[in-house]
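Data block below; observations after.
For the numbers below, each heavy atom of this structure counts, side chains included, while hydrogens, waters and symmetry mates do not.
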Amino acid sequence: MNGFDINSLNEEQKKALFETEGVVLVTAGAGSGKTRLLTHRICYLIERGVSPYNMLAITFTNKATNEMKERIAKMCNCNIWISTFHSMCVRILRENIDCLEGYNRNFTIIAETDRDKIIKDLLKKYQCEDEDKCAVEKHLDNIKNKGLDMFDYFAEVRKYDHSANIKICQQICMDYEEYLHKNNALDFDDLLNKTLTLFVQHREVLQKYAERFRYILVDEFQDTNLVQYKLVKMLASCHKNLFVVGDEDQCIYSWRGANFKNIFNLEKDFPDVKVFKLERNYRSTKNIINMANNVISNNKERMKKNLWTDKSEGDCPVVYHAFDERDEAMFVAKTIDELLSQGYTYNDFAVLMRVNALSRPVEEALLGWQMPYKIYGGFKFYERAEIKMVLAYLSVFVNPKDEISLLKIINFPKRGVGEVAIEKLQEEAGEMQLLDYLLGDRFAYSKYHSKLEKFVQTFKKLKEDMVALTLVDFVEKVVKSFCIDQAYAGKDEDSIDKLHNIDSMLTGVQEYQDENEDASLADYLANIMLKSDSDNIQENGFVSVATIHAVKGLEFKVVFVVGLEEGLFPLARATFSESEMEEERRLMYVAITRAEEKIYLLHTAKRFMYGKSNYQKDSRFLAELNIVDKSKAGGGTKKDYSVKEDKQDEHFESGFVVGDVVSHTRFGIGKIVNISDDGLVADIEFEDFGKKSLMLNLASLEKEG
């Protein structure tokens, strides 16, 4: 087997590898080689005679899926079922959803924007306010992330909530589900839930997969929600050979149902589970690892582990005290420019932020320095209006029940069929599906027939051509036949961009066809809907500007973390919730452990956001990193720091005492009125700025007099 070398694993990895039977939990710290362990385990099992057909590997991102497939192809030249949870469920549903009443395998997967529109339309129907949308979404998320029955859920909620609002919320949730059902459509959560329903209601379907998969491997187990956890348990119910890898310190998706406690639940549900810890980090220098250990040690809900590395100490972290967001962004661009001259390339850099609202100044600075960059965690290619329109056309060919998509395309390009006309057409259709009505004989007597006759005839002709044409030829013919390209035929820059985007999409269809010879249009659409914005991060020749969530699982030689201020990172809402604060701290841990060689931590004295300029307080995470100022010069804004490995039970000696009069580079003259018990934070009453809490290990302070 090419590339399969057990001796390339460390001792802890080997111990986990050799436990081939039963339930195995590996708690793998950041950069500890979990992908290597997973791929070696697959090849090790194959070497021992296990058929690739009998293995299932589940990941959380398309990028991780592709990386595992490539590695296994090189190491043992075999093809096993490796996919994300959602892709796995799509495949199972395509084969079996006919068992669920009212669904067929040509179902549409709706986008988040479609979900929003359906809910907004229902709110309007029941004369609800826009602010009620949050309540409806919260209830839907609770039901779907936990795999609950809607009636049972609301029966429990009504025990403590007797308001009229809860009845309307329930009705909207029910109408939402009914609308999707009528359209043979599923949202992203449904992909998981309908698979769970399938397994529960049709045990023969579950048995088919549970018997097939003798060995199941799950990556990023800390990110599973309750439904995903149930699916894994059910799939492993026959052979009970389950190998999961996770790190509760990197659970950063609780807002979408991820529950790191599933790691602890595994130990309860499988008493004989064998647990291994991977603590050796292969990615980062000692300074970076020590910082990560220091910050995450403040979390209480975690398994005790301590990352270590035999790499060098490496460069000290740099903390930059910026005056404002422009100063912060300019420091990033200037530093990148300096490092480029030392041999770094653009794709070695990542500028990370807690919220993408901070990206604009960074973008402007990079533009000013003529540096190529890409934004991730924001607007996605497949969410562009012109691309969504093409996808809507294609979806109707796959799923004739998809009225959601049909209503998008029926008057695009303009055919003189406005909202009133659409309502009349729906009345004319009655109980029939709208597309069935348009394609049927009765429509010839409608007053809207002349406006939609060409649309109907074009659709019928293309439906016939669909069987004979290749995937890319069919998509191109849809674009041409319905004159979608002509709708963007203007000479303004926006129209030109839209046409380029459609061309880019067609190129993508060609690439997909080349890689998946037998794939159908339904397969292509499912692939697009399951694409992640982070799949193409770290493309050659670009600085990555991204939210921390978007770079989970990636690594960069140089990382900048901007916006390290209270209210921004951690977010203000976390101040009053210990669990939310622990999640913010896990995000900080993830941000730090993306860095291989250098890390820059930036915060501002004031920042312009939401229409006004505010003075900012340094993030508490800067103090928790336990870094000590090594620079001799006072009053500078850029400082190098060393990292202390163990900060427990230590008192920071700043040399300042209560009553000292001090000067600060930005706030001027002030008097220390209080110092925290650990010696790190001082409350200082400044003459011009009032009371400020500053970290004495970071603040640029000098004694006066």
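For Tyr373 and Phe542, the ring centers sit 6.0 Å or farther from each other. Aromatic rings of Phe556 and Phe349 (six-membered ring for Trp) have centroids beyond the 6.0 Å cut-off, not under it. A ring-centre distance under 6.0 Å is found for Phe621 and Phe569.
Distance check: Asn142 CG to Glu137 CD gives 12.0 Å after rounding to the nearest 0.5 Å. Note that the CG atom of Asp324 and the CD atom of Gln616 stand 11.0 Å from one another [nearest 0.5 Å]. A distance of 11.0 Å separates CG of Leu367 from CE of Met371, quoted to the nearest 0.5 Å. Here Phe656 contributes atom CZ and Leu701 contributes atom CG; the two are 5.0 Å apart, rounded to the nearest 0.5 Å. Separation of atoms OG1 (Thr84) and CZ (Phe60) is listed at 9.0 Å; rounding is to 0.5 Å. With rounding to the nearest 0.5 Å, the separation of CD1 in Ile289 from CD1 in Ile592 is 9.5 Å.
Under a 4.0 Å N-O distance rule, the pair Arg354/Glu584 qualifies as a salt bridge. Using a cutoff of 4.0 Å between basic side-chain nitrogens and carboxylate oxygens, Glu338 and Lys334 are scored as salt-bridged. Taking 4.0 Å as the cut-off between side-chain N and carboxylate O, Asp310 and Arg280 count as a salt-bridged pair. A salt bridge links Arg585 with Glu624: at least one charged nitrogen is closer than 4.0 Å to a carboxylate oxygen. Using a 4.0 Å cut-off between charged nitrogen and carboxylate oxygen, Glu555 and Arg594 do not count as a salt-bridge pair. Using a cut-off of 4.0 Å between Lys/Arg side-chain N and Asp/Glu carboxylate O, Glu12 and Lys277 are scored as not salt-bridged.
Residues satisfying the salt bridge (charged side-chain N to carboxylate O under 4.0 Å, His left out) criterion with Lys703, sequence neighbours excluded, are Asp660. For His139, the ring pair (Phe, Tyr, Trp, His ring centres under 6.0 Å) partners at least two apart in sequence or on another chain are Tyr153, Phe154. Listed by chain and number, the residues in a salt bridge (charged side-chain N to carboxylate O under 4.0 Å, His left out) with Lys144 are Glu177, Asp187, Asp190 (sequence neighbours excluded). Judged as a salt bridge (charged side-chain N to carboxylate O under 4.0 Å, His left out), and not counting sequence neighbours, the contacts of Asp219 are Lys34. With sequence neighbours left out, the salt bridge (charged side-chain N to carboxylate O under 4.0 Å, His left out) criterion links Asp269 to Lys233.
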Could you walk me through whether Asp249 and Lys305 pass the salt bridge (charged side-chain N to carboxylate O under 4.0 Å, His left out) check? CA-CA 10 Å; Asp249 290 337; Lys305 58 181 176 295; 3.4 Å; yes

Given Asp247 and Lys552, is the salt bridge (charged side-chain N to carboxylate O under 4.0 Å, His left out) satisfied, shown in steps? CA-CA 12 Å; Asp247 179 13; Lys552 173 83 180 302; over 6 Å; no

Check against salt bridge (charged side-chain N to carboxylate O under 4.0 Å, His left out), Arg573 and Glu580: CA-CA 8 Å; Arg573 69 177 187 224; Glu580 287 195 36; 3.1 Å; yes

Between Glu248 and Arg586, is the salt bridge (charged side-chain N to carboxylate O under 4.0 Å, His left out) condition met? List the steps. CA-CA 9 Å; Glu248 74 283 2; Arg586 291 194 291 270; over 6 Å; no

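Tyr320 and Asp327 share a side-chain donor-acceptor pair at under 3.5 Å. Judged by distance alone, the side chains of Glu220 and Gln222 do bring a donor and an acceptor atom under 3.5 Å apart. If you check the side chains of Asn293 and Asn290, you find no donor sitting under 3.5 Å from an acceptor. Looking only at atom types and distance, the side chain of Asn10 has a donor-acceptor partner in the side chain of Tyr282 under 3.5 Å away. Remark: the Thr224 side chain and the Asn262 side chain contain an N/O donor-acceptor pair separated by less than 3.5 Å. Of the N and O atoms on the side chains of Thr113 and Asp116, not one donor lies less than 3.5 Å from an acceptor on the other residue. No hydrogens or angles considered: a donor-acceptor pair under 3.5 Å links the side chains of Glu704 and Ser663. In summary, the side chains of Thr285 and Asn287 do not present any donor paired with an acceptor at a separation below 3.5 Å, with no hydrogens or angles considered.
Counting all heavy atoms, side chain and backbone alike, Gly563 lies closest to Arg607 at CA-NH2, 3.4 Å. Closest of all the heavy-atom pairs between Gln250 and Ala28 is NE2-O, 4.2 Å. Contact between Val673 and Val658 at its shortest, heavy atoms only, is O-CG1, 3.7 Å. Taking both residues in full, the closest heavy atoms of Met588 and Leu625 are given as CE-CD1, 4.2 Å, listed atom of the first, atom of the second, then distance. In terms of heavy atoms, Asp141 sits closest to Arg115 at OD1-NH2, 3.1 Å. Taking each heavy atom of Ala292 and Thr593 in turn, the nearest pair found is CB-CG2, 3.6 Å.
No more than 12 heavy-atom neighbours from other residues, nucleotides or ligands sit within 6.0 angstrom of CZ on Arg36. Counting heavy atoms of neighbouring residues, nucleotides and ligands inside a 6.0 Å radius, atom NZ of Lys133 exceeds 12 of them.
Residues in residues 363-373 take part in these salt bridge (charged side-chain N to carboxylate O under 4.0 Å, His left out) pairs, two or more places apart or across chains: Arg360-Glu364.
Aromatic ring pairs are classed by plane angle as parallel below 30°, tilted from 30° to 60° and perpendicular above 60°; the pair Tyr253 and His549 is tilted.
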